[in-house]
Each structure stands twice: as C-alpha cells, then as structure tokens.
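Remarks on the structure that follows.
In what follows, chains carry the letters A, B, and so on, assigned in the order in which the sequence lines appear, proteins first and then strands, with residues in each chain numbered from 1.
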2 protein chains.
Amino acid sequence: MKPITLQEIADTLGISVSTASKALKNYPDVSEETKTLVKELAATMNYMPNSFAVNLRTKESKTIGLIIPEIVHYFFSNVIKGIIYQAEKKGYLIITLQSNESYQLEKKQIELLLSKNVDGILISLANETADVEHLKTIIEHNKPLVMFDRIAKKINCSKVVINDKKAGYTATEHLIESGCKRIAHFRGPLLPQNAIDRFQGYKQALKKHNLTFDPALVYTCNDMSFEEGTYFAKKLIQEHKDVDGLFVSSDLIAIGAITELKKQGFLIPEDIAVVGFSNWFMSSAVTPTLTTIDQPGFEMGKAAFKQIFKELNFRKKKETYTPKVIKLKTALVKRDSTP
Amino acid sequence: MKPITLQEIADTLGISVSTASKALKNYPDVSEETKTLVKELAATMNYMPNSFAVNLRTKESKTIGLIIPEIVHYFFSNVIKGIIYQAEKKGYLIITLQSNESYQLEKKQIELLLSKNVDGILISLANETADVEHLKTIIEHNKPLVMFDRIAKKINCSKVVINDKKAGYTATEHLIESGCKRIAHFRGPLLPQNAIDRFQGYKQALKKHNLTFDPALVYTCNDMSFEEGTYFAKKLIQEHKDVDGLFVSSDLIAIGAITELKKQGFLIPEDIAVVGFSNWFMSSAVTPTLTTIDQPGFEMGKAAFKQIFKELNFRKKKETYTPKVIKLKTALVKRDSTP
DNA sequence: CTGAAAGCGCTTACAG
DNA sequence: CTGAAAGCGCTTACAG
C-alpha cells in the first residue's frame, strides 16, 4: 500500500494542492464546501501527511532527544516514563539514548541528535562528565536544552532538580533526632553535583546539631550497586565499631548494607539506624522497611518535558525567556529502619 | 548559529550543489581534488546535511518505533537498552512509546508512529491486547514489524522470544526433582502468550512426572507486583496446607511470596521450595537467594533490532524474505530457594 | 475563494 | 569530470 499524497487528493477532487492543503488545515479563506469535500476524501483514503515533507517545510520534527546515563534504573526509568508521557500528550516523540555513564558517548550522542535535527535535548549527565563544553554546542545550535537530576551548574539552561542538599540534611537530621551520635555516609561518585549536594547536606546537619564531622565515616560509592552496599557495610563495621547511624545516597546500596549488617548480627534500627535515598519501590518491601527520601522521578520527567515545551513555544513566538531552575519537592518517608 | 547548507559550500567553492553532494558521498565520478576541497570545507564549516531534506529524498529516516508495555520494569528496560545499543551501532535511532498495558493506547501509538514515518516498528504487546488487527496495518503500510516477548502468534512477522513453555517445564521439573509433590503456580495474566506457555510447561512437567494437575493450585496474577506475591502466598497457605513447591511467573512476585511465607514461619526451601522467573538482579540479593529462570532481556533487545535491520536491508535490495522466529536460550539458575 | 509559484535542502538520473 | 534539472511532498505568501 503506497501512501497517498495531497496531490492525489487534489487531483481526484479537481482542485489544486494549495487549496487541498489549506482545506485540511482549516484556513479561513477556503469555502466550507471545499473543506468538507477534502476532509472527507482524506478520511476515506486514509491520508496522512508525509511527515518528512512537513518537517522540511516547517523546520521542526516534533521530536526531542533524551540522553540518560542508564536506562535500567528505577529512578531514571521513571523519569523517562514521565518525559514520554508528557511528550505524547503534547504531540512530541522522544528519541532515547543511553550514555552509559560515559563522557565520550554522551558527547557523541549530542552530535548525533543534533545531526538528526531534534527540536531540543533533555539530558542527565554521565557520572564521568566533568567538562561541559559539549553542552554548549546544543545552545549554539539554537536548540533548547533542559537538564535534569544530574546537572551542570555552569551551563546556562533550564534545569529540573530536587534540593539534594536539603534532602541530605533532612535525612541526616532524622538520624540525629532518632538519637544517633556517630553517623556514617555512603555517598555517590565524586563528580555529580547531586552526590556532592547530598554530602553537603549531611555535613550541614551534623554541624547544626553539634556533631563532629569525621571524614573517615564517609565512603564513596562508584557503581551504586547492592554489592557496593554489602562491601562498604563490611568495611564500616570493621573500621568503626561505634557507628549507630547510616545515611546512604541510594536505596539499593542501603538495602545491600542492611543485608550485610543483619547477616553480621546487627539489629536495624536498634544497633544501626539507616536512611536511604530515592524511595525505590522495594524499600517498602524489604525487612525492615527502609526509611528514605522520596525522589519524584515521574514528576521530574514531566516537569523536564513541560519546560522544554515552553521554551519551544517561546522560540516559535520569537519571545525571549530566561532559563529556569525548577526544584521538585522531596519528602522523608519514615519506615522501620530508623527508630 | 544558522546551520550551513550544501548550497553555501558549493557557492564558496564556486562549484555546483550536485558536485558538492557527490563529492561528500564519494561518488567515483568526482575528481579527487574536488572531493578533498569539498570535504575540507565541509569539515571546517561544520557542515551537517539537513536530515529533513535527506529523509524526504531517501524516504527513510533511520528511525525505528518501539512500543513497550511498561518502561519501569527490569526485564523490559533491559530489552530497551539492548535495542538502543544495537540501533546506535547501526546508525538508527529509537523512538520509544509506552502502551501502559492498554490496547487502546497501543493501537493509537501504532497510528502515531506510522504517521511519523518510522522505518519500522518493534513491539511487545500489552497484556490487554486480544485483537491484533492493528498490527496488520503496520504490514499494510509496508513497514517491517518485529515482535518480542509478548507476541501474537497469528501475525505473520518476525518474532524474538524465549521458549516459555520449555522454561516453565524446566522450572517445574526442577521442583519435582527436588522432591516436591504438591506444586502451586502463580501464573501471569490470561491473555499474553508467554503466561499461557509458562503455565503449559508447568502442566507438562507435572504430567511427565505423574503428578496430578490441580487447577486449584494455579493462581492468576494480574499486576505482577510484590504485593500480589504476598497476597497469593497468604491465600495459598490458607487453602492448601500441603503445598511444598511453588513456581512463580516472575521474580518480583516470587520475592513477595517468599517474604510472606517467611513471615508466617515457613522455611524456604525446607517447607516450600520456590522458583521464580526472569533472573531479576535482586534475586541473587534476597534471603534466601532465589532459584529462577534467566531470561536474557538485553540479548532479546539486540536480537530484535538485528532482525528488523536485516529486514530493512532486504527491502532496500527488493529481495523477499520470510519472517523468522528467533528463540533465545534460557537457563535455570539454581540458588537457595530450592533444596 | 482558488491556484500558480516558490521554496524547504537535498539526491540522482541524465546531458554534455 | 561537472552541472542543470527534476523531484521528494508539503506550506504559504502572493496574485487574481
């Protein structure tokens, strides 16, 4: 079945392509009669405008590129879901690419998306990414760019984030208020801003409550896995027998840590209280259930798309806009891993 | 920064657009000198061909549509990852849509992808999908279609699957060989072929080993969640005190079931042995670790893309091809939830 | 109210 | 070896 063209519609109706085109798009200067004729024929012939031609004329494809560090990841897949959900609502399609936490890939993928002429780009940075020049090329190409979760402070574009520092503060303060005196922290990798911010929040809470900050109690996780949780838990209790609280930058690592601690005979939360991060669906299923910070992935995806959509419209109207930083709310979810 | 065109390259060089175009594409009938000139200028001017124009001319966009029931799902997100990984290798981009297990959405999304002129469609059916006429429209539009995991037997297109029946058989037989006599099955929803096949494998294994099949021991899960696992486990031990084995059609449900059974004082595997399905990464982390069937999601994604890529090339060469059914290997992963 | 014309930026068959 | 021309299928400013 060959797709049918406007030309064919016009021909069978004995009118011009221009009129047919305008009729379908409800131009006011086409007679009602012609409009009905064209629309009916289009419907019966199952006409679909050739999107390649439309793209070429209108210079937009209603397609947004998305670069994500890792698809197989509860939080990120929720973000993707939110983006796709919102995009579909607005008639946009999402092309997803995975940087695999690699700076080189991320850079290449930006080039790729730009060469494919997406209308804009949504990105969450790879853990490896330190240099952010490649993001500037997006802006130079005059395409809207919105970063989310793993952002680069230096880049002047809209961002959707949570307040990681505040969330880290809340988590740690909750441990302090539960009576913990020696609180360890399993932080994320060194580069990403959100790992830094959560760590800052941790420090700030200690300071506020007059607990001394001990750098030896901070362990840096790199692959953010369950195994890393068990590994550092083992290390932690070897090195610091007096620890009574633990703030972990991800639920998965926290669950790994709890598994190991239980195995070694520690009672959670009696001996060591634990707070995770992100509110992974399993955190309410494990034993004990995990106290954590709820990080709204789906909402973040929706917000990121909404923002790029706004910017797209500003551009169409040739209006200027100033990049916005949207901060989504987090919440402490109190469960059984803290007293 | 306005994107630069072939026209501008040709103008600055004082040659025609045709020659410039052919030079860039290494046509043999262009002088080496001209080729170098054009290529160098293109490089310094950072020329990128306008993909909209290329699409219109070549009638292909090197873009494949993907419809998946649920993105936030360990198995499916692995499949997506595999598809995107393989597609990127071959210069293709993936547009992902989520049907949300809804037949209506799935149907609409096929129309959408077709109207956006993707070169082909990859799909895994929604649990709700019974009628498969909408898939035929893809074929009528002359676009390659490859189904994976949740397939429709009736549709004549290539498919990538595992042998669900055999896997169900293996899982059940493993329980039987472990000494189980009364084996229950938590199956998936009624419509998807793979839920049916796993159930058939279960029945077949019982028959083969002369155990009577008792329909009362089969429970149908619909949302495939942890909670469903706890719910049916509760029901199971109320209704059938003599059960000593359980084959569950997903690891998450199995883990839910085990959590509930442990809570009620049952020993796993001593009282009830449990086998899951899919080899979710958490199945090696829970206590006891879960015996399961490894279902290669990433491989499935790669295979699905490879197949559609092949079909795309056959079409370009105007060769015919017959749809293939690719069966990927599964394996029993023996862990501690079976003796 | 309708249509001829130009043009989006490329590719490719054809002429020279 | 080079280039003029046609054309992919639309949209839209303009003329009538």
Side-chain angles (χ1 to χ4, degrees), chain A residues 1-39 41-42 45-63 114-119 141-142 316 318, chain B residues 1-39 41-42 45-63 114-119 141-142 316 318:
Chain A
M1 202 182 78
K2 250 192 67 190
I4 102 141
T5 67
L6 248 202
Q7 185 63 256
E8 298 173 75
I9 299 223
D11 286 353
T12 41
L13 247 35
I15 60 172
S16 74
V17 209
S18 355
T19 305
S21 172
K22 285 187 282 188
L24 281 178
K25 312 191 81 197
N26 259 326
Y27 272 49
D29 63 345
V30 176
S31 72
E32 280 311 315
E33 209 193 323
T34 311
K35 279 185 190 170
T36 334
L37 243 40
V38 175
K39 285 181 190 169
L41 186 61
M45 293 183 89
N46 220 330
Y47 169 72
M48 290 179 185
N50 178 318
S51 65
F52 298 156
V54 175
N55 292 349
L56 181 58
R57 276 295 317 220
T58 60
K59 292 180 183 307
E60 57 167 15
S61 57
K62 302 241 175 201
T63 300
L114 252 18
S115 81
K116 287 286 188 160
N117 241 321
V118 293
D119 295 346
H141 276 254
N142 240 312
K316 275 188 207 162
K318 311 234 179 246
Chain B
M1 203 184 75
K2 248 191 71 189
I4 100 141
T5 66
L6 248 202
Q7 186 62 257
E8 297 173 75
I9 299 225
D11 286 353
T12 40
L13 247 34
I15 60 173
S16 73
V17 209
S18 354
T19 304
S21 171
K22 283 187 284 186
L24 282 177
K25 312 191 81 197
N26 260 326
Y27 272 49
D29 63 344
V30 177
S31 71
E32 279 311 314
E33 209 193 321
T34 313
K35 278 184 191 171
T36 334
L37 244 40
V38 176
K39 283 179 190 170
L41 186 62
M45 294 183 87
N46 220 330
Y47 169 71
M48 288 179 186
N50 178 317
S51 64
F52 297 157
V54 176
N55 291 349
L56 182 57
R57 274 297 315 222
T58 60
K59 293 181 181 305
E60 57 166 14
S61 57
K62 301 240 175 204
T63 300
L114 253 17
S115 81
K116 287 287 189 161
N117 241 322
V118 293
D119 295 346
H141 276 253
N142 240 312
K316 274 188 207 163
K318 310 235 179 244

Is the shortest side-chain heavy-atom distance between Leu6(A) and Leu24(A) below 4.5 Å? yes

In whole Å, what is the span from the NZ atom of Lys62(B) to the P atom of dT11(C)? 13 Å

Hey, is the side chain of Thr34(A) poking within less than 4.0 Å of OP1 or OP2 on dT2(C), counting only N and O atoms? yes

Specify the residue among Gly14(B) and Leu56(B) whose closest nucleotide of DNA chain D lies further upstream toward the 5′ end. Gly14(B)

Could you give the CZ-to-P distance, from Arg57(A) to dC10(C), as a whole number of Å? 16 Å

It should be established whether Thr19(B) places a side-chain nitrogen or oxygen under 4.0 Å from OP1 or OP2 of nucleotide dG3(D). yes

Lys59(A) versus Asn50(B), side-chain donor and acceptor atoms under 3.5 Å: no

How about Ile4(B) and Asn46(B): do any of their side-chain heavy atoms sit closer than 4.5 Å? no

OP1 or OP2 of dC10(C) less than 4.0 angstrom from a side-chain nitrogen or oxygen of Tyr47(B), does that happen here? yes

Phosphate contact (dG3(C) OP1 or OP2) by Tyr27(A) side-chain N/O below 4.0 Å: no

Please report the distance, rounded to the nearest Å, between CD in Gln7(A) and P in dC8(D). 9 Å

Given dC10(C), dT12(D), dC8(D), the nucleotide with the shortest approach to the side chain of Pro49(B): dC10(C)

Rounded to whole angstrom units, what separation is found between the CG atom of Asp11(A) and the P atom of dG9(D)? 13 Å

Using only heavy-atom distances, decide whether a donor-acceptor pair under 3.5 angstrom links the side-chain of Ser18(A) to the base of dA4(C). yes

As its Watson-Crick or G-U partner within any shown strand, both distances under 3.5 Å, dG16(D) has dC1(C)

Could you check whether any side-chain heavy atom of Asn55(B) comes within less than 4.5 Å of a side-chain heavy atom of Asn117(B), counting everything from C-beta outward? no

Where the side chain of Ser31(B) is defined as all heavy atoms beyond and including C-beta, which of dT2(C), dT2(D), dC8(D) is the nearest nucleotide? dT2(D)

For Leu24(A) and dG9(D), what is the distance between atoms CG and P respectively, to the nearest whole Å? 16 Å

Which of the following nucleotides, dG3(C), dT11(D), dT2(D), is nearest to the side chain of Ser21(A)? dT11(D)

Length of the CD-P vector between Glu8(A) and dG9(D), whole Å: 9 Å

Spacing of Asn50(B) atom CG relative to dG9(D) atom C1', expressed in whole Å: 15 Å

Under 3.5 Å donor-acceptor, Thr12(A) side chain and Glu8(A) backbone: yes

Choose from dT12(C), dT2(C), dC10(D) the nucleotide whose nearest atom is closest to any side-chain atom of Asp29(A). dT2(C)

If you assign each of Lys25(B) and Phe52(B) to its closest nucleotide in DNA chain C, which residue comes earlier from the 5' end? Phe52(B)

Record whether the side chain of Lys22(A) comes under 3.5 Å of the base of dG3(C) through a donor-acceptor pair of N or O atoms. yes

Output yes when at least one side-chain N/O atom of Lys59(A) is less than 4.0 Å from OP1 or OP2 of dT11(D), else no. no

Under 3.5 Å donor-acceptor, Ser21(B) side chain and Val17(B) backbone: no

Which whole-number value in Å describes the distance from Ile9(A) CD1 to dG9(D) P? 13 Å

Between Thr5(B) and dG9(C), does any side-chain N or O lie under 4.0 Å from OP1 or OP2? no

